[in-house]
Structure formats: structure tokens, C-alpha cells
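In the text below, chain A, chain B and the rest are named by the order of the sequence lines, each starting its count at 1.
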Amino acid sequence: MLHPPLGIAMASPEERYNFREAETKWQKTWAAQNSFRVEEPSSKPKYYVLEMFPYPSGRLHMGHVRNYTLGDVVARYKKARGFNVMHPMGWDAFGLPAENAALERGVHPGAWTRQNIGVMRAQFQPLGLSLDWSREITSCEPEYYKHEQKMFLDFLKVGLAYRKESWVNWDPVEHTVLANEQVIDGKGWRSGVDVEQRKLNQWFLKITHFAEDLLQAIEGLDRWPDKVRLMQHNWIGRSEGARVTWPLTDKAGKDTGETLEVFTTRPDTLFGASFCAISAQHPLAAKAAENDPALAEFIAECSRGGTSTAAIETAEKKGYDTGLKARHPFVAGKTVPVYVANFVLMAYGSGAIFGCPGHDERDMEFARKYGLPVRCVVAPAGEDPNAFAAALEAGNVAYVDDGVAINSEFLNGLAVDAAKRAAIAKLESLKLGTGTVQYRLRDWGVSRQRYWGCPIPIIYCETCGTVPVPDKDLPVTLPEDVTFDTPGNPLARHPTWKHVKCPACGKNAQRETDTFDTFFESSWYFARFCSPHLADRPFSETAAMNWLPVDQYIGGVEHAVLHLLYSRFFTRAMSACGYLNLKEPFAGMFTQGMVCHETYRAADGAWLEPGAVAKTGETATYNGQPVTIGRSEKMSKSKKNTVDPQSILDTYGADAARLFMLSDSPPDRDLEWTDAGIEGAWRYLNRLWRLATAAVEIPEGPLPAVLDPAAAVVLRQIHRTISAVSDDLEKFRFNSAVARTRELTNALADMDRGVGGGNAVFRFGVAAVAQLINPLTPHLSEEIWQSLGHTTILTETPWPTFDPALLEDDTVTIGVQVNGKLRGTITVAKAAANDVFEAAALALPAVQKQLDGKPPKKVIIVPGKIVNIVAA
RNA sequence: GCGGGCAUGGCGGAACUGGUAGACGCGCCAGACUCAAAAUCUGGUGUCCUUGGACGUGGGGGUUCGAUUCCCUCUGCCCGCACCA
């Protein structure tokens with residue numbers, strides 16, 4: 001597939017840039033000079049650049065290369081701008097793939113993970129990234145995870161962690177709990193069998209404690225993508241409404257003494273209530289089922305259904321009448337039936353609703369199915385209420401929009417908002433409800449029944465209950481001698497590990513055998529980088545407060561909610577426990593696009609690797625057989641459309657790979673990897689190198705005071721480019737920065753160096769290009785810089801400056817329109833008066849022709865921009 | 001269903017707060033060099049008709065002297081959430 005450019009072998013050394021030698025040389029130089037070590041102490045302002053740390057899956061993929069290249073551009077640019085840059089790297093090293101490897105190949109997860117880290121660390125080397133490796137951290141090592149065990153116990157003390165029985169997705173084959181993301185179409189992602197709903201004791205972190213703050217603070221994250229902010233906003237899902245209490249009666253109409261509490265955002269529609277519905281997992285449902293086998297069967301059926309999105313989507317709305325009745329809070333003597341319904345979620349609100357079919361689509365569907373009354377209590381303003389109500393009550397479509405309350409006693413005539421307030425006031429005076437705010441966000445369940453994670457430092461004692469592991473016994477480390485030959489958690493069946501003495505009473509007790517969700521480690525690693533080797537604490541508060549928040553964080557959108565929200569929570573929780581005093585961990589966030597590639601399929605439908613396919617123009621073949629070329633999709637092993645970074649680095653070098661990734665499309669959009677694209681980047685690097693070779697012969701010296709006008713034009717372009725590229729780099733417009741740099745390169749190549757000052761300007765321009773492109777292609781630019789005779793390296797050289805006076809020409813060329821259509825251009829002195837613009841524009845033959853001898857009706861002059869003549 | 005985004009040549013994409021649409025690159029075409037090819041260099045390349053024009057930023061409409069940019073509307077694609085009461 002990737003034929004090495006033939007020129008590599010053919011060209012003489014002075015014609016071809018030898019990236020192999022140069023890239024290795026500069027990587028060694030930077031390492032020897034500790035160029036990317038954080039300065040401590042430093043008088044410079046700090047700048048913390050962080051890319052999401054990788055999971056050590058075994059090899060780097062193109063997505064990694066893109067991610068770390070983007071961060072590297074920022075880090076190198078900020079360093080040149082005079083910042084003390086921290087740009088660290090580490091390993092998100094706990095996780096399921098390590099256990100799968102153990103299962104499939106009989107390797108210990110730890111050995112597998114550590115070996116992968118070794119391979120990947122070596123793969124990072126040739127990319128030429130400006131990383132401070134002295135701060136490397138590995139989350140699966142006790143030196144790292146012991147701190148989060150302590151942190152968890154602190155969270156427990158302040159009530160931010162708790163244990164509760166809750167419903168979870170249970171895979172009966174793998175004997176483990178699955179995250180919602182691991183349940184696909186109601187089946188376990190690996191086992192492929194139906195997932196069950198089970199009630200298990202789980203540890204939770206109380207992220208809901210900060211729901212309001214996490215929501216409010218989104219507004220302040222002004223350097224985050226709007227998309228991510230919106231997603232978090234929706235995820236937290238704030239709803240204002242009321243909790244309403246409904247006293248219950250039995251089948252005979254006698255009060256049971258119990259009440260049903262429901263949450264509603266529409267207390268103004270209470271007079272339209274025709275039923276209540278509770279979740280199958282609601283305690284009242286279980287109680288009602290005690291004497292009703294059919295109900296018990298219905299509840300079991302609901303639990304089997306799974307919580308997967310697809311299952312819910314297609315599920316028919318079903319209910320079962322418990323026989324219980326609920327007393328209406330406002331209407332004396334009125335009761336409504338209480339159903340168990342499969343669409344009511346236990347985890348939201350109180351797990352119960354009241355149904356108002358007239359003004360809720362779902363309630364309407366339910367009411368029609370079970371023959372429940374439909375009552376109209378809101379009519380659009382300006383319509384005849386009686387006619388509207390009659391139509392609504394006869395039809396099957398709920399009215400959910402704004403309007404005026406009708407058929408609602410004391411609410412009649414009020415608009416929806418006012419009616420809500422009045423209803424809540426009434427509920428509160430009757431002590432049958434209260435205004436409240438409900439969030440969609442739920443507490444974070446962190447228990448996982450897996451081996452390769454951080455042990456939860458808890459001991460269960462029959463006498464003392466749940467006992468935190470004392471500080472002196474931390475860390476709780478994973479046992480090495482585990483087996484993966486049977487399903488389930490190896491920690492739970494380990495012969496000795498879980499058996500301990502109770503730290504409180506000394507009797508026999510058992511360890512918690514669950515481990516933390518791997519999102520736990522990534523929720524605070526950005527703080528650990530601030531003091532990565534501190535032994536007794538997770539990080540020094542001083543260091544963390546100095547470096548945090550991260551100035552620029554970079555990663556994929558797939559973490560827009562979970563990881564980023566957890567980290568925001570953790571920062572607040574750590575602050576609550578005195579570790580630091582900060583709310584937001586990431587001041588700037590950038591989400592990069594995916595790396596994509598065309599897909600290829602053989603006639604039998606099998607996916608083919610790009611390397612196996614012979615492509616000629618629009619058609620492709622495999623072993624002489626035709627190949628279907630599919631759309632460009634995210635590189636993935638399953639579709640075989642991956643390109644190994646290693647082979648690209650070997651063939652073209654890091655700079656070419658970096659340049660292509662940066663120039664092809666804007667960093668937040670998907671990037672399509674093509675052979676032609678990388679070759680284009682490679683060509684440019686060689687062209688630039690040849691150009692620089694010509695500049696080397698020109699002795700260095702100050703620019704002459706008087707320049708030939710042609711040279712002066714180029715000089716102005718150099719200054720304009722410095723200004724524009726600086727701006728582009730600040731704003732993540734790397735593709736545009738490359739385009740402008742190439743433009744300048746073209747101008748330098750085309751300029752007449754023989755004119756007065758031409759050589760000096762040329763040399764100055766080449767040096768400027770090397771500086772401007774240094775964050776993008778650091779090796780080649782160092783090489784050019786050195787060849788120009790500099791004795792210090794470019795990496796330690798400040799960013800070039802521009803002279804604002806040289807940004808603009810004295811003359812300006814602008815378009816001349818007649819009736820908005822371009823008819824020509826004029827070039828006039830920039831400072832010229834309007835009548836000069838007008839005269840020059842009217843003098844154009846094309847303009848005269850359009851005017852046809854008549855005087856213009858109107859002339860619009862925007863100095864420096866355009867002249868538009870309105871013809872009669 | 002709800003929420004959000006996007007739509008510009010054969011392709012990736014430029015165009016700052018409304019002001020010369022298509023920068024820069026890829027691809028393609030022609031030429032130079034070469035026995036030939038590769039590499040490199042030069043020129044061309046939005047579409048349509050004849051020089052000169054006309055048309056052109058998904059479709060339709062609007063505001064404006066002037067719209068890729070602002071407003072309305074329709075279509076298509078992508079993403080997030082998904083019975084959230």
C-alpha cells in the first residue's frame with residue numbers, strides 16, 4: 001500500500017531531507033537538554049496542557065497520534081510564547097481488556113498491561129512529542145491507587161460515598177454487573193445473553209449532591225465546546241415541579257394509612273388526573289403483589305425487559321391495576337386507580353407518577369388502552385374552551401402546549417405558569433405536597449465485580465458492619481495469584497485474600513471484593529501530575545493550586561459526559577475533603593474529531609485491509625477480484641480500515657505524519673486518512689528543505705534600511721503571516737496555519753532574490769517559516785534553524801514577533817460592483833478620500849458599459865473593502 | 001419523540017464582526033527535463049454558452065446597495081438523550 005517515495009533511495013543527500021537521521025538527532029537533543037521538563041521554580045506564567053491519557057491496549061493507533069499531536073502543538077507554541085509548560089503523560093491502566101487478555105491468552109492482567117505500557121512508551125518516542133516523562137504515572141500501581149482508596153474513605157466520612165442496594169444489569173453468563181453501555185439490545189455485549197435486573201449492594205458516589213452547582217458552573221466554562229456544555233446540561237437534566245402526596249385506599253375504599261408520592265412538572269393539570277402509576281420496582285408494587293400472583297408475574301416480566309435503550313424504545317406501554325385507589329389532593333371524595341406500569345422508572349423522582357391523559361402523550365396512550373377517562377384542563381388562549389375540550393376528550397392527541405386552565409376550580413383562568421404556582425401553594429397549605437427541583441442525574445455507582453481495578457478499601461464485619469480499612473493498612477493491594485478459568489470475580493473466590501480480621505473488634509471478617517469503576521482513576525489523575533511522586537498524599541495542595549485548572553485539555557467527544565462530569569465532581573469532592581480548593585479541573589477543553597479511512601469489502605462481504613487492496617483511481621481489486629469501496633468510517637479493527645502509525649513513521653517520519661494530520665481538516669472534525677494526503681505533506685517538507693538550503697548560503701545580517709519594492713512586499717507578507725499564524729494557533733485553526741505558512745513558502749520560492757534586499761528578506765522569511773512551523777513539524781524546523789547557523793535550538797527560542805506597521809500595504813485592491821455584481825477591481829492608496837475611490841471605480845470601462853451613459857443613482861463606498869455602484 | 005450540529009468545485013477545506021466566493025492542499029489535464037519512468041519544475045483546472053458574458057455556496061422565500069454569512073421555510077446527512085413524569 002504505502003510505497004516508500006522512490007526519491008528516498010534515489011536522491012542525493014543534499015537534495016533530500018533525511019528525516020531518519022534528523023528526527024532521531026533532535027529527539028536526543030531535546031532529551032539531553034531536558035527541554036520539556038517543567039521549570040520548578042519558575043518566574044514564567046504556568047500553562048498546563050493535557051491530553052486524555054491512553055489506555056495501554058498494546059499499540060498506538062492513529063487516534064492517539066492525532067490527539068497527542070494536537071496537544072503537542074499547543075504545548076510547543078505556549079513554550080515559545082514564554083510559558084512554563086507542563087505537558088505530562090501517563091497510563092489509564094486498569095480495565096477490562098486486561099482481564100480478557102488473561103482469559104484468552106493466560107497472561108496475568110498486570111503483566112499484560114505493563115508490557116503494553118513498555119511497547120507504547122517506546123512508540124511515543126519517534127513522534128517527537130514535547131512530553132515531560134519525569135512525571136509519568138501509571139494508575140494500576142499501588143503508588144497511584146492507594147491515594148484514591150484514602151480519598152474514597154474521606155468521601156465516606158463526609159457523606160459523599162455510601163452503600164445502597166440497587167438494581168443493576170446482571171449478566172448471568174459472565175456473573176458480573178454490566179454498565180449500561182455494555183448492554184446492547186438488552187443483551188450482554190460479550191455473552192450475548194439477555195441481561196437480568198438484579199438488586200445488589202453497590203457503592204455510590206453522591207454526584208447528585210453537586211447537581212445544581214455542576215449545572216450552574218457550566219456557564220462559566222467558556223472555553224469548552226458548546227456541544228459538550230449542552231450535553232452535560234441535558235445529562236444533569238433539571239426539572240422544576242412538585243411532589244404530590246396521594247393518600248391510598250384499599251379495594252373496599254378504606255384508607256390504608258399509606259400514601260403515594262409522585263413527582264410532576266405539571267401540577268397545574270392535577271384536575272385532569274385519571275390514574276396513578278408506579279414502577280414495577282416500587283416498594284408498593286412488591287407489597288401489592290404479595291396477594292396477587294398475576295401482579296407478581298407482571299412485575300417479573302418488567303424486570304426481565306432490561307433497561308437497554310432499544311428494549312424500552314419498542315416496549316409497549318403496559319399496566320396492571322393494583323386495586324389500590326389514590327385520593328385526589330384537591331377533590332374531596334375523588335379517587336383514581338393505581339397501576340403498576342412498565343414505563344415508570346424507579347430511579348427518577350419517586351418512582352411514581354400521576355397520569356393526566358389530556359395533556360401528556362404517554363398518559364393519553366395509556367388511558368385509551370385501559371379505558372381511563374380523559375379530561376381537558378388546559379385550553380389554548382383565545383379558543384373556545386368548551387369546543388376545544390370536547391374535541392380533545394374525544395380524540396387521541398394530548399394537548400401539551402401553553403394555555404389557560406379550565407375545569408380546574410381555583411386554577412381556572414390562570415396561564416400554565418401561574419397555575420403551577422397556585423397549585424403548589426395549595427398543595428403546601430394542605431400539606432399534601434411541595435414545590436421541588438428534580439434532576440435526571442443519578443448517583444455514580446462505582447462497584448465493579450472485577451479483578452483488574454482498584455480494590456474498594458472496606459471490610460464487612462458481622463458485629464461491626466461496614467468498617468473502613470484503617471489508614472495504616474492502606475493500600476489494599478490486589479493479590480497476584482488469581483485465576484481466570486471460571487467466570488465471575490477472581491477476588492471473590494480467592495482462597496485467602498478476602499479473609500481478614502475486623503479492624504474494630506478483631507473477629508473474622510471479609511473484605512469488599514468489588515473494585516472501583518475505572519473512571520475513578522481518570523477522575524483525578526490531572527491533579528496527580530502536579531506532584532506525581534509524592535508518597536504520603538495524592539498531591540500537594542500548593543502544587544495543585546499552582547497548576548490547576550488544566551489550561552488546555554484535549555480528547556475525544558466520547559467522554560463529553562462521563563469522564564468530564566466525573567472529573568468535575570471529583571474536583572468538588574476533593575475540595576470538600578480539604579485536598580484543594582477548586583471547582584473546575586479543566587479551564588479549556590477541546591474535542592478532536594476521529595481518524596477515518598475508506599472501507600473495503602471483498603465479493604463475499606469480508607472486510608479487507610487497505611494494504612491488501614490494489615487501488616487504481618475509482619476502482620479497487622483484491623487478488624484480481626473486484627472490491628467494493630465503502631464510505632470513510634472511523635478506523636477500527638473490526639472493519640480492518642486501520643493504518644498503523646508505525647509504518648507511517650518508518651516511511652515518512654513524524655513531521656510528515658503530524659503535518660498531514662494537522663493540515664487536512666480542522667482538528668474538531670473527522671480526518672480522512674489518505675495515502676495521497678501524507679505524500680503531499682511529505683512533498684512540502686522536502687520543498688521547504690530545499691528552499692532552506694538556498695537560504696543557508698546567504699550570510700546572516702540585519703535587513704537593509706532600504707528595500708526594493710518587490711522585496712518590501714514579501715517582507716510585509718512575512719509579518720502578516722507571523723501575525724496570522726499566531727492567531728490561528730491560539731484558536732486551534734491548525735489547518736489554516738498550515739495553509740498560510742505554505743502561502744508564504746510559495747511566495748519565498750517565487751520571489752526575485754536579486755533585487756535590493758531580496759536575499760536578506762528571503763533568508764529572514766525562511767527563518768520565519770521555520771519558527772512558525774516549529775510547533776507542527778519540530779524536527780525539520782530545528783534542522784533548518786541549525787543550518788541557518790543558529791547555535792541555540794529552536795525549541796528554546798521565543799516565538800517570532802511582527803511589526804504592526806508592516807501588516808498592511810499602502811495601497812489596497814478592492815472590488816467594484818454595479819448593482820452588487822463584481823465588474824472589476826481598483827487599486828488605490830489606502831488613505832485616499834472617498835471621491836478618489838469613486839472616481840477610480842467610475843473610470844472602469846466595465847462600469848461605464850453597465851451604466852450605459854446614465855449617471856449612477858447611488859455610490860456606496862466602504863473604504864478598504866468595496867465600491868458598489870447602484871445603476872439607475 | 002426531544003435536543004443540537006452540518007450542507008461551499010471531482011475531493012479535504014478557506015472566506016475575520018454581511019463587502020472581490022473557492023485561499024491552501026489533494027486529484028486531474030498539458031508542458032519541460034528524461035531513452036523511458038519516478039522525482040522535480042512550469043502552466044491550467046467551479047459550471048455553461050462563441051471572443052464577452054450568464055449562472056454558481058442543499059431547495060424555496062425574505063431583509064439589504066450588497067448574503068456562504070442574518071431571518072423564515074423545506075429537504076438531506078451527522079451527533080447526543082431516549083417512556084425523565
In terms of side-chain heavy atoms of [X], which of [options] is nearest?
X: A:N868; options: B:U20, B:G19, B:A14; result: B:G19
X: A:R669; options: B:A54, B:G80, B:G13; result: B:G13
X: A:F263; options: B:A85, B:C83, B:G13; result: B:A85
X: A:R823; options: B:C26, B:A54, B:C24; result: B:A54

Check your understanding: For nucleotides 40-51 of chain B, read 5' to 3', which letter fits each nucleotide if B means a protein heavy atom sits under 4.0 Å from the base, S means only the sugar-phosphate is that close, and - means neither?
Key -> SS----------
Review point. Does the side chain to side chain donor-acceptor pair (under 3.5 Å) test come out yes or no for A:S663 and A:Y684, once each step is laid out?
Key: CA-CA 11 Å; A:S663 63; A:Y684 171 71; over 6 Å; no
Practice item. Tell me whether the centres of the aromatic rings in A:F366 and A:F343 are closer together than 6.0 Å. Key: yes
Practice item. Would you confirm whether the ring centroid of A:F660 sits within less than 6.0 angstrom of the ring centroid of A:W682? Key: no
Check your understanding: Which part of the nucleic acid, if any, lies within contact of A:N746, taking any heavy atom under 4.0 Å across all strands shown: a base, the sugar-phosphate backbone alone, or nothing?
Key ->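 Result for A:N746 = sugar-phosphate.
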Review point. Starting at CD1 of A:I866 and ending at C1' of B:U20, how long is that distance when rounded to a whole Å?
Key: 6 Å
Check your understanding: Does B:G46 have a Watson-Crick or wobble partner in any strand here, with both distances under 3.5 angstrom, and which is it?
Key -> B:C55
Practice item. Answer yes if the side chains of A:D443 and A:T208 hold a donor-acceptor pair under 3.5 Å, and no otherwise. Key: yes
Point to revise | Salt bridge A:R266-A:D360, side-chain N to carboxylate O under 4.0 Å | key: no
Check your understanding: Looking at B:C84, does its base get a donor-acceptor pair with the side chain of A:R442 below 3.5 Å?
Key ->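 Yes, the side chain and the base share a sub-3.5 Å donor-acceptor pair.
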Check your understanding: On a plain distance test, is the side chain of A:K317 in donor-acceptor contact with the base of B:C83 below 3.5 Å?
Key ->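 Under the 3.5 Å cut-off, the side chain and the base do form a donor-acceptor pair.
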Practice item. On RNA chain B, check which nucleotide each of A:D664 and A:S350 is closest to and give me the residue with the more 5' one. Key: A:D664
Practice item. Under 4.0 Å from any atom of RNA chain B, heavy atoms only: list the residues of residues 728-745 of chain A that qualify, in numerical order. Key: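 Contacts with RNA chain B under 4.0 Å: A:N735, A:A739, A:R742, A:E743.
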Review point. When you check the glycosidic angle of B:G18, does it come out syn, meaning within 90° of 0, or anti?
Key: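 Glycosidic conformation of B:G18: anti.
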